[in-house]
Every structure is written in C-alpha cells, then in structure tokens.
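Comments concern the structure below.
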Amino acid sequence: MSKISLEVSKISLEVANRRIESWEKRFEKRFGKAYLYLAYHAAFPLALTPDILYRLWANFQQDIHGEVLGIPWVAVADLLLSSLCDEVGHELYEMDLAVRNVLLKLLQEDEKFGQQRINELSDFLLEYVRQRLQNDDPDIKDLAQAQQWTALAYTQPWKAARELALAFSKLDFNNKAELIRIVSLTEIFAQPLAEFDPLLSYARGMGKLARGNLEAATVQFGKILEGGNKIRVAGVDLPIPEKIKANFPEQFKKLTNHKNTLKRSRFFSPVFPSVLALGILGMLIGGNIVYFLFKTESIRNSSCTKDTYSLNDRISLGEEILLKQQDTNPDKEAGVQAFLEGNCLLAIDKFNSSRQANPTDPETLIYLNNAKARQQAEHVKIAVSVPIGTNPNIAKEMLRGVAQAQDEVNKSGGINGKALEVAIANDDNDPIEAVQLATRFGNDTSILAVVGHNSSNASLAAAPVYQKDGLVMISPTSYVQNLTSIGNYIFRTAPSVKSIADSVSNDAIKIAGKTNFLICVDYQGIDNQSFNNEFVKAIKAAGSQINSTECDISARDFNPSAVISQAVRSGANALVLGVYVDKIKQGLAVVQSNQGQLTVFGSPTLFTDETLKEGRGINGLIISAPWYPAAFPYNIFPQKAQELWGATVSWRTATAYDATLAIIAGLQRTNKRDELQKVLHSPDFSVDGATGKIQFLASGDRKDNPIFLVKVQQIPGTDKYEFVPIQP
C-alpha cells in the first residue's frame, strides 16, 4: 500500500459542487438520496479503502433519528470508481480536498446527521485505526495516524492540534519528505483547526522552508513570533529552525544572552554544591535577588510518564472526564488537561482542589492517585468497567470502592513498592461494548486484572474474552448463576442468584409466612431470568406455590396495576421483583402500583438511592443485599468510607472495594496474569474486606458470601426513607 498523496485541492469549489450534483442525480431516480448519504460518510476518513467503505456502509445504515437510509451495497463500488474518488495506490482512494469539504459541510448541515453523526464517525474511525497504529508496515502506520488525526480534528480540535504539534517537535528537519507530509496534513485540517492559526502559519512556514523559499518562510514565522522567541501550540513548544532564528536576531539574542548569564553565574560554581542539591528559584525584589530553595525531586518528578492517549475511546487514566453528567468542575478539567500534557505536579494540585469541591466524586480520586503513580518509575495497572453512560449513579457507587482500595494501598506504600494505577472504562452495561473493552484490556499486557462488569448481561458477554486472554475478571455486582462457570479466570465478590433466592424465599416463607408468590421479572435481563428460575425452585422446594399470573416488566403492554389486581384475586399474598439495573424506575412503578396489597421482596438491584428517593409507595419493600453499613460491627470499612467520601456508601461500593482488595492481595504475590488466577484460587488465599473474609471457591464464587435483608422505612418525622436491617 502506498502512502496517501496528501495534496492540497486541485479543483475549484465550483467543480467540486458539479461533481457531487452529478453523482446525486445519477442515482436519484432509483435510490433517492441514498448514494449521496454514502458520499457524506465516505468524506470523513482522509483516505478510503474498500474495507473501510464497506464498514461505513454497514455501520451507518440509519440517520440519527433511526430512519433507514436505504443505501444498497453496490453503492460502495460505485463510489470508489466514481469521479468523486481518485485511486492513489493499490486499493487506496482519496477524495479531492474541495470535494471532501463540501460533502462534510452538507453532512453537518443536514438535520438527518449534524454534529452527532460527526461524533459517531469520529468514534468509528478511532476504533478502526486502533490496531493499525501498531502495524510494523510504516505506510500502514502513517496512514492510520493520519486517519486518527482526522477523527480528532472534527471532534477534538485541541487534541488534533497537539498531536500535530508533537509530530513537528519530533521531526528531523533534514527529512524533507516527512516534513512536507506533516505540513500537507496540517493544511488538509485547516478548516476544522481554524482556531489554531499559529499552527497553520507554522506549517506553512515550514513547508516553504522545506521547498527552499527562505524569504516566504520568514514572513510566515514573523506572523507568529510577534516579538517573542518561541511558538507554543496546545501546550507544545514548536522548534524554530536556525535559519529562521538568524532572521530575527534581536529576539533570539536576548535568549542567548540570558543563557550565557546563567552559565557565568556563581551558582554554577563548585562553591555551592549543597545549594545545587536542593535547587534554586530566584526573584528580583527591590534590586536584590532573593533565592528560594526547594527539593530537586519536585522538578524531576513534575512530569508524568506520558502515553499517547486516544480520547473519546471509553477508557481514561486521567486524560479525560468520563463522568461528565454530574462531576465536572474547573479544577477537575484543569487537572485532566495537565495529566494529558504530562504535567503531574499541576494535575495533582488541581485534582486535590477538585476533591475539596466535590469529595463524593470517585473519578477524581482515582485520577489523583494515577497522577501520583505516574511520578514513580514503576507502577502496577488494573482496570474497572462501569456503566457511566447509562447509570452514572451505580457507576459511581462501584468506582468509590475501587478508589478507596487504591487510595489505601498507595498511601501504605503500594504493591511491593509500586503504586497502583486504575484505568476507568465506560461499558454502558452494553454487552457489545463490554466485549470490545474486554478485548482491549486483554491486548494491553500492562493491565493485570479487571474489576467489573456491573450487569450480568455485560459480564456474561465479556467473560469468554477474559478467559481466552488469560486476564482475571472479578465482578462485584453480577449475580447470574452461571457466570463463574465460564472459566478459571472469572471471579465475583457479589453473591450468586441462588444464594439470593434462597435467602429471600426463606424469609418470605418461614418468617413472613407467605404461601402464594407473584413473580415480576424483567426478562430482558439474564440475571433476572436466572433469579426467576432459582426463586421458583426455592419456593416449590419449601412447599409454597407460584401464582399463575404472568408478570413480564419488559412487555410493551405491561400494566402493573392490572397484573397485581389479577394476582390478588387468584390468591397471591407476596410479590417478588427482579429487575435489570437499567430498569429500576419500571420496577419501582410496580411497587407503587401495589399500594401495599402484597408484601414485596426485591433483588439487590433495588438497593439504591434511586429507590429511597421514590418515597411514597415503597415503604415496607424488603430487599436482599450482601452488605449494609452496620452489618459487620467491628469492621472499620464504613468509618473509613464515611471519612473519605463524606457520606455513607452502598453494597456495590463494598463489593467493588473487596474485588479490588482481592486483586491487590493477589498482586502482592505475583504480577503475572496466569499466576494471579492461581493465587486467587489457592486454598490459603484470603484477605479481610468490607464484607468479611474474602476467599474464593474452585468455581470462582465467593466462599461464605453473606446475604442480608433490609426494609425500606420512613424516617420518623420526615418525608425521607432509609434502609433498615431486618434482624433474623
């Protein structure tokens, strides 16, 4: 595959419009605007191959409103062979820049697509090139990098400008071919990067210099130097060629004189070795230089170990905010920016300030500890996957447990002297996203274990990937019965659905005396199907009966009031509720429709602040849970959590804390993936956690996993509710 030509537009805007109109009219009678819509999407990548265009066709068959576009598959070949595309290499095509710009403008202005589709195309392209960025073939790698910058330019222009600035900063100016390639790329992105005029002027100046036109290059550099002696774009200092410096003698003479003065200074003499060991900061005050001493370690460790981050990729170590809905403030944004730029000292300062403003935000605490970990030569990395996009409150509950365990171990010296770093991922409780994240975690050999996922749907989908790649996964919240049977790398600190069903049925039958159970389940949730099956077994084994009334919460025509009335008429005296984590509101609607007619028992899914906020109609709801604050009287976890977060925490925080604690204890013995699962399975492995002693059975389930029952109860004298334990 040859490199893309990266030429500036060869045709006029008028010609570009004529070509597009001709393309549209050619197929309009048979397919309407379908062919034009494909051209819109094809304009987004910098270069096209049959593979990428077929993927665009397959992935974007609907507009942002869900309406089918009706693009036939033959449109792919028709487009590549049309006048809109030029073949620049074997199975490599590009659109003229003018044509691309017109099509992208039409895409953005069309109400069927707009900026939302641009964002979706950016996500698609970033994912498409991810593996290709590591390719050994330099041509493939260069093209992938250019495609990556394209995706960023239209959605994250600051990031794209920074990437291009970094590329310039690392260039060998004698390599004119590579220099012109980066210059041409920058010119192609001139429209989306219009706000970064210094970068564009710099690129034009470097392009003219590479072509031997020193006079024109000097004019370009003159526009951006403006009396200064450096050019800074998106946090990157761009190198200035010596030939250009020679044409601005006054500006660079000052800098040279300053450096020479420092070299002649007495503070560089052997007389002051102890001062040099500490470091010096000088200020001119009242004609006298006042020197402040500080440890050189602060200078040496002010920079983070930098990675090449991919933003908007659902994973972050601290380079972007994932919890955007509720937990964003100026200090957190500044901390993220500093982390992205590799300034650990500033990132730590800003994350600390953000913690003071919002102490309940777990993402900030994780990023703070990650920035501190990056200051060390070595650190240990794990990942956590939570449903930030679809259920941010539950995501935060889980993240608090991980953050608390990370904070504690790092403050106590780390894992065998190495700080723990945590990558946060957003899977939206979506099985497809969970699989994609699991694949990325499996391919990233620096990640030694994963805490997650939240929903059983996501965990069941991702578990085979972790098993295949030999990466330990510990779910703190998935209780579907067959999860751990997938393989020996799959563990959980959440109880199994069988233990939950046994606990609830035991209380309902033996203590509450219930004999006829209406079971309402969201059948779209795999764990709820499992819950239904296990509960039916437990009820029948105890000699009670299941009411024949069908109650499927996920049914389109579901009417909770009608279902409950029918069940009461047929003798039901108890209701068992199993809902998917993203359907809590629908589950609570059933409880409120019940109006106290049936005693209601629920799964741990309903143990959330969202349940308590519903208030009226839920009083008396009985829920099973693996933990509550007073469950373990002598355990200091609740007290530490209260001090750290300034609030009480949930069972998800406790089980996520225990999952992270188990991984930490395992990594104290080994930092190898395959050995870690053996350590966790070992009979002599145990660690004291929030929910008691953590040990794992051969299956990967938690040994002696406790289950408690709590009841929703109104706080006397208020309109608020709380979970109160039911004493056995």
Side-chain angles (χ1 to χ4, degrees), residues 326 358-360 391 393-394 396-397 400-401 495 500 503-514 517-518 520 560-561 564 568 572-579 581 584-655 657 690-692 706-728:
Q326 303 159 323
N358 186 4
T360 64
N391 208 318
N393 290 329
I394 284 178
K396 286 193 288 185
E397 289 179 36
R400 286 188 189 111
I500 294 170
S503 174
V504 173
S505 60
N506 179 69
D507 179 82
I509 297 170
K510 295 182 180 179
I511 299 175
K514 303 302 176 183
F517 292 83
L518 168 66
C520 289
S561 297
I564 290 169
V568 170
N573 56 10
L575 187 159
V576 177
L577 188 59
V579 296
V581 67
I584 291 175
K585 285 186 178 180
Q586 291 90 323
L588 293 176
V590 176
V591 181
Q592 291 169 328
S593 297
N594 177 56
Q595 297 182 342
Q597 298 175 79
L598 305 172
T599 302
V600 184
F601 300 86
S603 66
T605 303
L606 291 172
F607 198 124
T608 68
D609 288 340
E610 188 176 348
T611 296
L612 296 179
K613 288 175 183 176
E614 286 298 321
R616 187 174 302 171
I618 62 166
N619 202 35
L621 170 63
I622 297 171
I623 300 173
S624 60
W627 180 89
Y628 66 93
F632 300 89
Y634 303 106
N635 195 311
I636 63 172
F637 169 77
Q639 179 185 343
K640 286 186 174 181
Q642 179 72 40
E643 293 171 355
L644 188 63
W645 306 112
T648 56
V649 294
S650 74
W651 71 266
R652 294 177 184 84
T653 301
T655 54
Y657 174 86
T691 58
I707 297 289
F708 303 94
L709 293 175
V710 297
K711 180 187 291 186
V712 176
Q713 183 173 294
Q714 189 169 6
I715 301 173
T718 74
D719 59 353
K720 297 181 179 179
Y721 292 78
E722 63 181 344
F723 293 114
V724 177
I726 297 175
Q727 300 302 328

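In what follows, every heavy atom counts, from backbone to side chain, and hydrogens, waters and symmetry copies are set aside.
Of all heavy-atom pairs spanning T648 and Q642, the tightest one is N-OE1, 3.4 Å. Shortest non-hydrogen contact noted between S624 and I707 is CB-CG2, 4.2 Å. Taking every heavy atom of both residues into account, I623 and S603 meet most closely at CG2-O, 3.3 Å. Heavy atoms only, all atoms of each residue included: P359 and W645 are closest at O-CE3, 3.2 Å.
Taking the side chain as every heavy atom from C-beta outward, F517 and L575 never approach each other to under 4.5 Å. Proximity of Y721 to N619: side-chain heavy atoms (C-beta onward) are separated by under 4.5 Å at one or more points. Using a 4.5 Å heavy-atom cutoff, the side chains of D609 and N393 are not in contact. Annotation: side chain of T655 is not in contact with side chain of W627 (no heavy-atom distance under 4.5 Å). Residues I394 and I584 form a side-chain contact, since some pair of their non-hydrogen atoms from C-beta on lies under 4.5 Å apart. With contacts defined as side-chain heavy-atom distances shorter than 4.5 Å, the pair L709/P725 does not qualify. At least one side-chain heavy atom of L606 sits under 4.5 Å from a side-chain heavy atom of V579.
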> What's the verdict on side chain to side chain contact (heavy atoms under 4.5 Å, CB included) for F723 and F607, showing C-alpha distance, side-chain angles and the deciding distance?
Replying inline: CA-CA 8 Å; F723 293 114; F607 198 124; 3.4 Å; yes
>> If you apply the rule side chain to side chain contact (heavy atoms under 4.5 Å, CB included), what do you find for I618 with T611, and how did you get there?
In response: CA-CA 8 Å; I618 62 166; T611 296; 4.1 Å; yes
>> Does N506 form a side chain to side chain contact (heavy atoms under 4.5 Å, CB included) with V504? I'd like the steps, not just the answer.
In response: CA-CA 5 Å; N506 179 69; V504 173; over 6 Å; no
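Annotation: side-chain contact (heavy atoms from CB on, under 4.5 Å) contacts of S593 (sequence neighbours excluded): P560, S561, I564. A572 pairs by the side-chain contact (heavy atoms from CB on, under 4.5 Å) definition with N516, L518, N547, A567, L598, not counting sequence neighbours.
Among N594, V576, L577, V591, the one residue that satisfies the side chain to side chain contact (heavy atoms under 4.5 Å, CB included) test with C520 is L577.
R652 places no side-chain N or O within 3.5 Å of a backbone atom of R400 that could act as its donor or acceptor partner.
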Could you give the side-chain donor-acceptor pairs of residues 710-718 under 3.5 Å, partners two or more places apart or in another chain?
{"residue": "Q714", "atom": "NE2", "partner": "T718", "partner atom": "O", "Å": "2.8"}
{"residue": "T718", "atom": "OG1", "partner": "I715", "partner atom": "O", "Å": "2.8"}
{"residue": "T718", "atom": "OG1", "partner": "K720", "partner atom": "N", "Å": "3.1"}

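N358 and T360 are linked by a side-chain donor-acceptor pair at a separation below 3.5 angstrom, with hydrogens and angles left out of the test. Between the side chains of E397 and S650, at least one donor-acceptor pair of N or O atoms lies under 3.5 Å.
Proximity of the aromatic rings of F708 and W651 is defined here by a centroid distance below 6.0 angstrom, and this criterion is not met.
Within the model, atoms CZ of F601 and CD1 of I622 stand 4.0 Å from one another, a figure rounded to the nearest 0.5 Å. Put simply, NZ on K640 and CG on N635 are 9.0 Å apart, with the number rounded to the nearest 0.5 Å. Atoms OH and CD1, on Y628 and I726 in that order, are 10.0 Å from each other to the nearest 0.5 Å. In this structure, NZ in K514 is found 3.0 Å from OG1 in T599, a value given to the nearest 0.5 Å.
Taking the six-membered ring for Trp and thresholds of 30 and 60 degrees, Y657 and F637 have ring planes inclined between 30 and 60 degrees apart.
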